[in-house]
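To keep things clear, I will list the structure first and then write my remarks on it.
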Amino acid sequence: MQHYLEGLNAQQLEAVQHVDGPLMIVAGAGSGKTKVLTTRIAYLMDHGVDAFNILALTFTNKAAAEMRERVEKILGNREARNLYIGTFHSIFAKMLRVDAPKLGYPSNFTIYDSDDAKSVIKSIIQEMDLDDKHYKPNYVYNRISAAKNSLIDPVAYRNDTFIQQEDVRSKHPSIADIYERYVARCFKNGAMDFDDLLFKMHELLTTVPEALIKYQRRFKYILIDEYQDTNASQYAIIKMLGAMHENICVVGDDAQSIYSFRGATVQNILQFRDDYDDVKVVKLEQNYRSTQTILHVANNIISNNRKQIPKELWTSNVTGEKLIIARTLTDNDEGKFVSDAIKEQQMRNHFANKDFAILYRTNAQSRSFEESLRRMNIPYKIYGGISFYQRKEVKDMLAYLRLVVNTRDEENLKRIINYPARGIGKTTIDKIILHANEQQLTFWETIERGSGNAKVDDFVRMIRVFQSFLETKNAYDLASEIGKRTGLLQELHNDKTVEGLARYENVQELLNSIKEFTETPDEEGELLDKSIGSYLQQITLLTDADNDDDENADTVKLMTVHAAKGLEFPCVFVVGLEEQLFPSAMAMYDRDDLEEERRLFYVAITRAKERLWVTYSNSRYRFGTLIQNDPSRFLEEIPAEHTDKSYAAPTQRGSIFQQPGRQTATQVQPSAASQLKQIADKLAASTAVPAHQPSADFKADDPADMAVGMKVEHQKFGFGTILTMEGGSQNRMASIDFGNGVVKKIVLNYAKIRIVR
DNA sequence: GAGCGATTAATTTTT
DNA sequence: TTAATCGCTC
């Protein structure tokens with residue numbers, strides 16, 4: 001009967017069979033966390049708990065969908081559909097759709113994504129006559145977001161001396177005012193931003209007792225995934241929801257906490273034991289994912305962090321291959337190295353495309369990999385970046401729908417009142433706003449009462465027609481009518497450029513997605529909200545990663561390390577291991593930030609099952625200019641006995657790629673990577689120099705300060721004397737005598753050289 | 001008010 | 001490098 005418990009180890013079983021009372025599962029990377037979580041839900045249901053009484057909160061829609069699917073599979077019936085499984089944001093949005101009127105919001109409230117929020121903030125900054133060069137909307141938004149995530153409202157923000165000091169010190173004393181206006185504006189617009197979905201949920205539970213009791217009664221069992229990534233408002237909400245039954249199960253790994261920039265506090269998981277009496281703690285320490293080598297490296301890296309829950313990850317898997325550390329000259333070479341290595345692995349070890357992932361710190365790094373993969377005809381897919389729903393043309397179309405559903409929303413109204421162009425310009429709009437403020441009306445109410453402007457009146461009539469369609473047409477028909485009658489589709493269709501074509505197709509795709517939404521039949525017993533309002537609220541919370549149409553497509557996956565959390569791949573490339581990049585320049589000067597970067601690196605490494613590459617480049621393009629970075633400090637934390645560094649590229653590009661009289665592009669070659677390795681090996685052998693350990697305080701000096709005769713230290717070659725120097729400031733070279741007859745020509749801009757004083 | 005070319009600013013990470 | 005904004009002309 002309970003066959004689904006077979007195959008669990010002792011700790012996993014312990015976690016699964018714990019039914020009542022608070023439970024904390026400390027789940028190391030690859031320790032079967034999702035399996036435990038889903039099996040536990042199935043176990044609860046198997047032991048008489050009604051699915052309607054179980055709430056499971058995750059951070060991504062994908063994790064939620066996977067969980068539901070797996071529970072369903074274990075149970076073999078359709079009960080799992082009654083579970084409340086979803087992201088914090090989507091579950092709370094659903095609840096607020098019912099209860100928002102109690103807080104003065106329409107139940108059809110609009111959800112602002114961060115772009116929407118930033119543009120509201122920007123217009124407020126401009127209205128306040130502040131300089132938006134100094135008050136950058138992005139900065140202000142992050143400040144406000146952090147406040148909301150800590151449950152600090154505008155009044156508390158203003159009264160918090162520490163926050164005020166920070167704002168004064170950073171010369172942004174008006175943020176409190178902006179915050180206040182922003183909140184008022186969102187309310188007036190009947191809109192909530194991402195943070196509001198948590199903030200307002202908390203407000204609902206604290207100010208409306210019957211709502212609190214309703215949800216407390218309903219959710220007898222609460223499970224929270226990735227607990228280390230919860231912020232203060234999520235924490236407070238969970239605490240309240242769970243207070244009646246205290247059947248709270250949190251799963252997390254402090255070593256994988258990588259969202260503090262979004263307000264997450266590791267403290268939540270570190271202190272969980274103090275929050276409740278009799279907390280049962282289960283540690284999952286057996287890793288089923290990675291080779292011993294990969295795990296050793298990961299353990300070693302994370303041991304450089306100070307704050308953590310003590311645990312020892314181990315595995316009974318094979319030792320596996322050494323990890324390969326490769327250096328390249330440029331970012332393009334890095335791309336080429338990775339695609340070469342992929343091709344080589346495919347030929348030698350029969351890996352499929354989908355067995356590979358390339359993980360980077362920032363989205364902007366994807367370019368060089370895309371190019372080289374494309375050149376080698378390796379199919380790939382990029383995750384993240386600009387999501388479909390953030391594209392301008394899609395947002396324009398959505399703005400109409402949002403306005404029709406919620407006319408309070410001034411932002412979306414302003415977005416489309418003159419798009420496609422219908423002769424309603426800035427002057428007219430300013431006049432309306434002025435009038436609206438005088439009359440204490442919303443923008444829409446003002447123009448609805450007649451504006452004295454024929455073009456505006458036409459616009460009002462058109463929107464009203466759309467509103468009447470809400471009653472008579474389904475979401476898809478309404479959307480296509482809007483596309484036709486506004487001239488939006490025509491406008492895009494007229495643009496025959498490649499981009500224009502893509503924009504047109506994107507809007508068509510949006511229409512298709514609406515169609516799909518309306519046509520998905522209600523499952524038996526299930527009451528789905530098929531209104532356009534419900535659709536709009538859902539999609540704003542969707543990300544690109546959730547469009548799992550080609551989850552199993554045979555493509556190489558490219559994504560940020562953040563996006564890779566929770567995933568695993570046989571072969572992983574972690575790229576761009578350079579100071580200023582990984583660790584990020586933003587996080588290098590603060591111990592806590594740096595430790596988070598290290599956890600991020602830990603997350604990246606632990607994605608790999610079998611093989612792992614770590615690459616870095618001497619130089620790369622940034623804003624169109626070449627910049628040079630030192631190798632990442634994290635590289636030094638990888639134990640040498642587990643690495644193969646023979647892939648370091650030679651220091652002079654021409655020596656490999658431009659040998660005269662050799663190979664033409666059309667010749668059939670052994671894979672480029674193996675060839676590259678052979679040459680690199682040869683080169684390494686011929687230039688072999690006793691390994692040099694740089695001095696503890698090794699720090700590269702500016703080449704401009706160097707002169708003939710100086711004593712210098714090279715990172716690899718050790719101590720030497722400059723014999724001659726040549727070349728201009730851009731490309732300065734030096735011959736350096738390293739003793740024992742070793743004289744080397746060094747490009748000073750590339751090499752890291754310290755002047756011995 | 002619309003459309004075009006010129007200037008400039010930007011890169012962490014995401015629900 | 002690219003995307004967005006600015007300012008000028010029609």
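Naming convention: chains lettered A, B, ... in sequence-line order (proteins, then strands); numbering from 1 in each chain.
Phosphate contact (OP1/OP2 of B:dT15, side-chain N/O of A:Ser114, threshold under 4.0 Å): absent. Put simply, A:Asn418 has a side-chain N or O that comes within less than 4.0 Å of OP1 or OP2 on B:dA2.
Counting non-hydrogen atoms under 4.0 angstrom, A:Tyr621 reaches nothing in the nucleic acid. No contact: A:Thr625 has no heavy atom under 4.0 Å from any strand. Counting any heavy atom pair closer than 4.0 Å across all strands shown, A:Phe88 reaches no nucleic acid atom. When heavy atoms are screened at a 4.0 angstrom cut-off, A:Ala364 is found touching base atoms of the nucleic acid. No engagement by A:Thr540 is indicated, since no non-hydrogen atom pair under 4.0 Å with the nucleic acid exists. At a threshold of 4.0 angstrom between heavy atoms, the contacts of A:Lys122 are confined to the sugar-phosphate backbone, with no base atom among them. A:Lys136 comes within contact range of the sugar-phosphate backbone alone, with a heavy-atom separation under 4.0 Å but no base atom that close. Within 4.0 Å (heavy atoms only), A:Gly425 reaches sugar-phosphate atoms of the nucleic acid but no base atom. Here A:Asp195 lies out of heavy-atom contact (under 4.0 Å) with every strand.
Distance A:Gln365 CD to C:dT1 C1': 14 Å, rounded to the nearest Å. In this structure, the CG atom of A:Leu581 is 10 Å from the C1' atom of B:dT11, given to the nearest Å. In this structure, CZ of A:Arg262 is placed 6 Å from P of B:dT15, rounded to the nearest angstrom. Atom CZ in A:Phe582 sits about 10 Å away from atom C1' in B:dT13, given to the nearest Å. Between A:Asn363 atom CG and B:dT11 atom P there is a gap of 12 Å when expressed in whole angstrom units. The distance between atom CD1 of A:Ile258 and atom P of B:dT13, rounded to the nearest whole Å, is 12 Å. Per the geometry, NE2 belonging to A:His89 stands 14 Å off P belonging to B:dT14, to the nearest Å. Taking atom CG on A:Asp196 and atom C1' on B:dT15, their separation rounds to 13 Å, with Å as the unit.
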Next item on the list: Show your reasoning for whether ring pair (Phe, Tyr, Trp, His ring centres under 6.0 Å) applies to A:Phe356 and A:Phe569.
Entry: CA-CA 6 Å; A:Phe356 297 91; A:Phe569 307 91; 9.8 Å; no
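Set against B:dT12, B:dA10, B:dA2, the side chain of A:Phe623 has B:dA10 as its closest nucleotide. Nearest to the side-chain atoms of A:Tyr141 among the listed nucleotides B:dT15, B:dA2, B:dT11 stands B:dT15. For A:Thr87, taking side-chain heavy atoms from C-beta onward, the closest of the listed nucleotides B:dT15, B:dT12, B:dT14 is B:dT15. For A:Met586, the listed nucleotide lying nearest its side chain is B:dT12; candidates were B:dA9, B:dT11, B:dT12. Of the candidates B:dT14, B:dT11, B:dT12, B:dT14 carries the atom nearest the A:Ala563 side chain, counting heavy atoms from C-beta on.
One finds no salt bridge joining A:Asp229 and A:Arg262 here, because no Lys/Arg side-chain nitrogen approaches an Asp/Glu carboxylate oxygen to under 4.0 Å.
Residue ring and base: A:Phe261 counts as stacked with B:dT13 (centre distance below 5.5 Å, interplanar angle below 30°).
Residue A:Thr428 is the one, among A:Thr560 and A:Thr428, whose nearest nucleotide of DNA chain B lies closer to the 5' end (criterion: closest heavy atom). Mapping A:Gly423 and A:Gly624 onto DNA chain B by nearest heavy atom places A:Gly423 at the nucleotide closer to the 5' end.
Residue A:Ser339 holds its OG atom at 8.0 Å from CZ of A:Phe369, rounded to the nearest 0.5 Å.
Cation-pi contact between A:Lys392 and A:Tyr419: present, with separation from the ring centre below 6.0 Å and deviation from the ring axis of at most 45°. Annotation: cation-pi pair A:Lys381/A:Tyr383 present, NZ/CZ under 6.0 Å from the ring centroid and within 45° of its normal.
Looking at A:Tyr621 and A:Thr330, their side chains never bring a donor and an acceptor atom within 3.5 Å of each other. Residues A:Asp193 and A:Tyr182 bring a donor and an acceptor atom of their side chains to less than 3.5 Å of each other.
To the nearest whole angstrom, the two P atoms, one in C:dA4 and one in B:dT13, are 16 Å apart.
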